[in-house]
Amino acid sequence: MRDPSADDLLTWYDRHARVLPWRVSPADRRVGVMPDPYRVWLSEIMLQQTTVAAVKAYFERFTTLWPTVAGLAAAQDAAVMGEWAGLGYYARARNLLKGARAVVAEHGGRFPETRDGLLTLPGVGPYTASAVAAIAFDRPETVVDGNVERVMARVFRVETPLPAAKGELTALAARLTPRERPGDYAQAVMDLGATVCTPRSPACGICPWMEGCRARAVGVQAELPLKAAKKAKPVRFGIAYLARREDGAWLVETRPDRGLLGGMTGFPGTEWDEAAPKHAPPVEAEWRDPGGEVRHTFTHFHLALALRVAEVPLDAMAERGAFRPDLRRSELPTVMRKAFDLASRALVQS
DNA sequence: AAGACGTGGAA
DNA sequence: TTTCCAAGTCT
């Protein structure tokens with residue numbers, strides 16, 4: 001069986017490319033239009049382990065607030081973290097700022113144009129460096145994301161489970177990468193994976209690579225790629241304390257820069273642990289149990305978060321955190337939004 | 001090098 | 001309800 005051809009995929013892409021806010025269409029690229037490297041980089045960081053649907057609104061918001069890398073580099077940390085809230089993997093936002101500032105301070109405000117140069121930026125790994133080099137600068141680099149791994153595992157019928165198969169899949173992907181139109185090609189393989197060669201029930205009937213697909217030939221396409229078994233998530237428990245001052249200010253703190261929800265705004269509370277939490281109220285008050293609890297699942301554990309709520313006077317002195325009259329729900333990570341919602345309902349009724 | 005690191009939508 | 005997983009990176 002002959003290998004799939006880049007030409008066949010590019011022809012398909014010319015007709016079926018998704019229209020995305022950060023993308024230059026194949027028709028426009030053909031006449032010399034190139035995307036803004038800042039927008040490509042920003043979109044790639046946002047898209048790490050995150051769906052296109054979730055990214056769109058954040059991308060529009062960020063590019064409206066900060067249209068250039070210099071603008072982003074000059075932003076306040078808290079403003080950027082607040083705008084990233086809800087998107088997840090908050091180390092990306094911290095590295096985004098570091099990356100923008102590095103581009104301004106160390107590269108004269110222009111993005112490095114090579115894979116190796118891009119790799120020096122914080123938050124840019126092998127995938128993102130290749131993607132920006134290919135898409136923004138038309139370098140013939142091979143992008144290997146989850147889509148490409150899946151497509152290669154099927155087309156070449158690789159039955160080694162991930163992540164062990166990663167190197168083999170990367171080599172196979174590199175073999176197919178063309179010298180011509182590498183930017184369009186990179187986006188084309190990922191579009192193919194996202195819209196045709198999908199994880200469940202791939203649409204082989206409309207696939208430009210159907211004829212060359214080894215998995216399809218023997219009917220195992222839907223079983224590939226194989227993946228190592230996942231570990232069960234433990235349950236962790238904690239208590240969060242939500243104090244609202246008479247003037248409506250909430251007691252919050254900025255979480256430490258490292259670790260879970262690092263750099264984000266949150267409500268003070270106990271550690272989250274598999275054992276029963278010890279009480280640690282951040283301010284003296286008549287704490288009450290609003291009933292119910294916040295349930296939230298992180299990447300590696302389930303959280304059952306009990307709440308304590310209190311109304312406190314204007315002169316209340318907190319041992320932890322600070323009262324924020326201007327706190328917005330939207331600047332909170334999702335687990336804290338859940339706590340905020342539950343506490344708000346409980347405090348309305350008292 | 002295996003685990004940490006978020007979230008929401010689909011099945 | 002649970003599981004899977006989506007344009008990965010860092011340590």
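Sequence lines set the chain letters: A, B, ... in the order given, protein chains first and strands last, and positions in each chain run from 1. Remember, it's a predicted structure, so these values are computed and weren't measured experimentally.
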Without decimals, in angstroms, what is the distance between [X] [atom1] and [N] [atom2]?
X	N	atom1	atom2	result
A:Arg337	B:dT7	CZ	P	8 Å
A:Leu87	B:dG8	CG	C1'	11 Å
A:Lys233	B:dC5	NZ	P	13 Å
A:Arg236	B:dG3	CZ	P	13 Å
A:Gln48	C:dG8	CD	P	7 Å
A:Gln49	C:dC4	CD	P	15 Å
A:Lys166	C:dT9	NZ	P	8 Å
A:Leu97	C:dT9	CG	P	18 Å

Base, sugar-phosphate or nothing for A:Gly86? Non-hydrogen atoms, less than 4.0 Å.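 A:Gly86: backbone/sugar contact only, no base atoms under 4.0 Å.
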Which part of the nucleic acid does A:Val124 contact within heavy-atom distance under 4.0 Å: base, sugar-phosphate only, or nothing? sugar-phosphate
Can a side chain N or O of [X] be found less than 4.0 Å away from OP1 or OP2 on [N]?
X	N	result
A:His300	B:dC5	yes
A:Lys231	B:dG3	yes
A:Tyr90	B:dT7	yes
A:His296	B:dT7	yes

By nearest nucleotide on DNA chain C, pick out whichever of A:Arg258 and A:Gln187 is the more 5' one.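 Upstream on the strand: A:Gln187.
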How do A:Pro122 and A:Val52 order along DNA chain C: which one's closest nucleotide is nearer the 5' end?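 The 5'-side residue here is A:Val52.
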With no hydrogens and no angle check, do the side chains of A:Arg92 and A:Gln48 hold a donor and an acceptor under 3.5 Å apart? no
Any donor-acceptor N or O pair under 3.5 Å, side chains A:Glu180, A:Tyr185: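 Distance-only check fails for A:Glu180 and A:Tyr185.
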If you take atom types as modelled and just measure distance, does the side chain of [X] reach the base of [N] with a donor-acceptor pair under 3.5 Å?
X	N	answer
A:Tyr127	C:dG8	no
A:Thr128	C:dG8	no
A:Thr50	B:dG6	yes

Tell me whether the guanidinium CZ or amine NZ of A:Arg329 lies under 6.0 angstrom from the six-membered ring centre of A:Phe340 and within 45° of its axis. no
Just do the ring pair (Phe, Tyr, Trp, His ring centres under 6.0 Å) check on A:Phe298 and A:Phe301 with the steps written out, would you? CA-CA 5 Å; A:Phe298 293 100; A:Phe301 66 94; 5.0 Å; yes
In plain terms, say whether A:Asp145 and A:Arg150 are close enough for a salt bridge, that is, a side-chain N and a carboxylate O under 4.0 Å apart.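 Between A:Arg150 and A:Asp145 there is no salt bridge, as every charged N stays at least 4.0 Å from the carboxylate O atoms.
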How far, in whole Å, is B:dC5 from C:dA6 if one measures between their P atoms?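 That atom pair is separated by 22 Å.
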Distance check, P atoms only: C:dT11 and B:dG6, in whole angstrom units. 14 Å
